[in-house]
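Below is one structure, written out as C-alpha cells, with a few remarks after it.
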Amino acid sequence: MDIRITGVHGHGDAPKEYVSLRVDADCDVGDYVLADTTYISPDQISNELRHMFWFPNKRVEAGDTIILRTGNGKNTEEPMDNGSTKHRFYWGLGSAVWNDTGDTAVLLRVAEWTFRKAK
C-alpha cells in the first residue's frame, strides 16, 4: 500500500486522539478508509469494523504526513521544513474511538466500490 499507519496517539481523550500515517508513494488519499476494530492475535484482527473514516479525495505525495484527529476541526494542510506536507483531517466525533484495550486501527485501500440504496 502507498500509505501506512505510524501511530495512534492520545488514547481515550477525543479532543487529543489522532492517528498518524505516512505516505510512501504519490497517491489519492480518497482511496483509503481507516477503521476501528479489535486485535485478536499477532496475525489476526476482528472482522467487526466499528468506526470508519473514508478520506476525501486529495492527492498526497511520498514523504507527506497524514493526521486524522478524532474530534472536530477544519481540514488543513501545512508545508513542512523538509519540503513535504502535513495533511490534517477531522473525524468530527464527540467521543473517543481508541479507548479500549485491544482497539486496533486498520487501513483499507478501496480500489473500486459500488452502492445501491437499500430502500
Side-chain angles (χ1 to χ4, degrees):
M1 290 201 330
D2 298 332
I3 299 175
R4 62 187 156 95
I5 299 168
T6 56
V8 180
H9 313 272
H11 310 87
D13 187 348
K16 294 182 181 177
E17 273 189 346
Y18 68 95
V19 177
S20 57
L21 304 103
R22 172 94 174 159
V23 180
D24 291 328
D26 296 0
C27 64
D28 189 327
V29 71
D31 292 341
Y32 290 85
V33 174
L34 186 90
D36 164 29
T37 188
T38 54
Y39 174 87
I40 295 175
S41 70
D43 62 347
Q44 186 179 6
I45 58 172
S46 168
N47 67 355
E48 182 180 331
L49 302 176
R50 297 180 293 215
H51 307 90
M52 299 181 78
F53 182 85
W54 197 333
F55 287 93
N57 290 330
K58 182 176 190 181
R59 293 296 300 171
V60 292
E61 297 180 0
D64 286 357
T65 298
I66 298 170
I67 302 296
L68 174 60
R69 300 198 68 90
T70 299
N72 293 308
K74 181 182 176 197
N75 294 347
T76 62
E77 65 178 56
E78 106 185 54
M80 305 300 291
D81 291 339
N82 65 2
S84 66
T85 302
K86 183 181 286 185
H87 306 270
R88 286 189 186 87
F89 297 94
Y90 292 83
W91 214 324
L93 301 177
S95 59
V97 171
W98 316 106
N99 54 354
D100 293 323
T101 301
D103 280 351
T104 302
V106 61
L107 186 64
L108 309 167
R109 182 171 181 208
V110 182
E112 294 182 28
W113 57 274
T114 186
F115 71 95
R116 181 182 176 109
K117 193 172 177 180
K119 191 170 183 177

Surrounding CD of E78 (heavy atoms of other residues, nucleotides or ligands, distance under 6.0 Å), is the total greater than 12?
yes
Hits for side-chain hydrogen bond (donor to acceptor under 3.5 Å, both in side chains) against H9, two or more places apart or cross-chain, chain-then-number order -> S20
Any side-chain heavy atom of V97 within less than 4.5 Å of one from D103?
no
Enter the distance from I45:CD1 to T38:OG1 here, rounded to the nearest 0.5 Å.
8.0 Å
Of all heavy-atom pairs between A35 and W98, which one has the smallest distance, and what is that distance?
O-CH2, 3.8 Å
Hydrophobic cluster mates of Y90, side-chain heavy atoms under 4.5 angstrom, ILVMFWY only, any path?
none
Listing, residues 22-34 side-chain donor-acceptor contacts under 3.5 Å, not counting sequence neighbours, or none:
from: R22; atom 1: NH1; to: G63; atom 2: O; distance (Å): 3.1
from: D24; atom 1: OD1; to: R4; atom 2: NE; distance (Å): 3.2
from: D24; atom 1: OD1; to: R4; atom 2: NH2; distance (Å): 3.4
from: D24; atom 1: OD2; to: R4; atom 2: NE; distance (Å): 2.9
from: D26; atom 1: OD1; to: A62; atom 2: N; distance (Å): 2.8
from: D28; atom 1: OD1; to: G30; atom 2: N; distance (Å): 2.7
from: D28; atom 1: OD1; to: K58; atom 2: N; distance (Å): 2.8
from: Y32; atom 1: OH; to: D2; atom 2: N; distance (Å): 3.2

Which heavy atom of T65 sits nearest to which heavy atom of I67, and what is that distance?
CG2-CD1, 3.9 Å
Please answer: with hydrophobic residues joined when any side-chain heavy atoms are less than 4.5 Å apart, are L68 and V8 in the same cluster?
yes
Nearest-0.5 Å distance, OG1 of residue T104 to CD1 of residue I5
9.5 Å
Closer than 3.5 angstrom, by distance alone: can the side chain of E17 be matched with the main-chain N or O of G12 as a donor-acceptor pair?
yes
When clusters are formed by joining ILVMFWY residues with side-chain heavy atoms under 4.5 Å apart, either directly or through shared neighbours, do W91 and V60 land in the same one?
yes
Are any non-hydrogen side-chain atoms of L93 and F53 less than 4.5 angstrom apart?
no
Approximate separation, where rounding is to 0.5 Å, of I66 CD1 and R88 CZ:
12.5 Å
Are L108 and I3 joined in one hydrophobic group, where the rule is that I, L, V, M, F, W and Y side chains link up if heavy atoms are under 4.5 Å apart?
no
Just to verify, what does N82 make a side-chain hydrogen bond (donor to acceptor under 3.5 Å, both in side chains) with, not counting sequence neighbours?
S84
If you measure from NE2 on H51 to OG1 on T37, what distance do you get to the nearest 0.5 Å?
12.0 Å
Would you mind writing out the side-chain donor-acceptor pairs for residues 111-119 within the sub-3.5 Å range, not counting sequence neighbours?
none

Can you name the nearest heavy-atom pair linking T85 to E77, along with the distance?
CG2-CB, 3.8 Å
Check A96 against A14 and note the closest heavy-atom contact, atom names and distance.
N-CB, 3.6 Å
Closest heavy-atom contact between P56 and N75?
CG-ND2, 4.4 Å
According to a 4.5 Å side-chain heavy-atom criterion applied to Ile, Leu, Val, Met, Phe, Trp and Tyr, with indirect links allowed, do L107 and L49 form part of one hydrophobic cluster?
no
According to salt bridge (charged side-chain N to carboxylate O under 4.0 Å, His left out), does anything in residues 59-70 pair up with another residue at least two apart or in another chain? List the pairs.
none
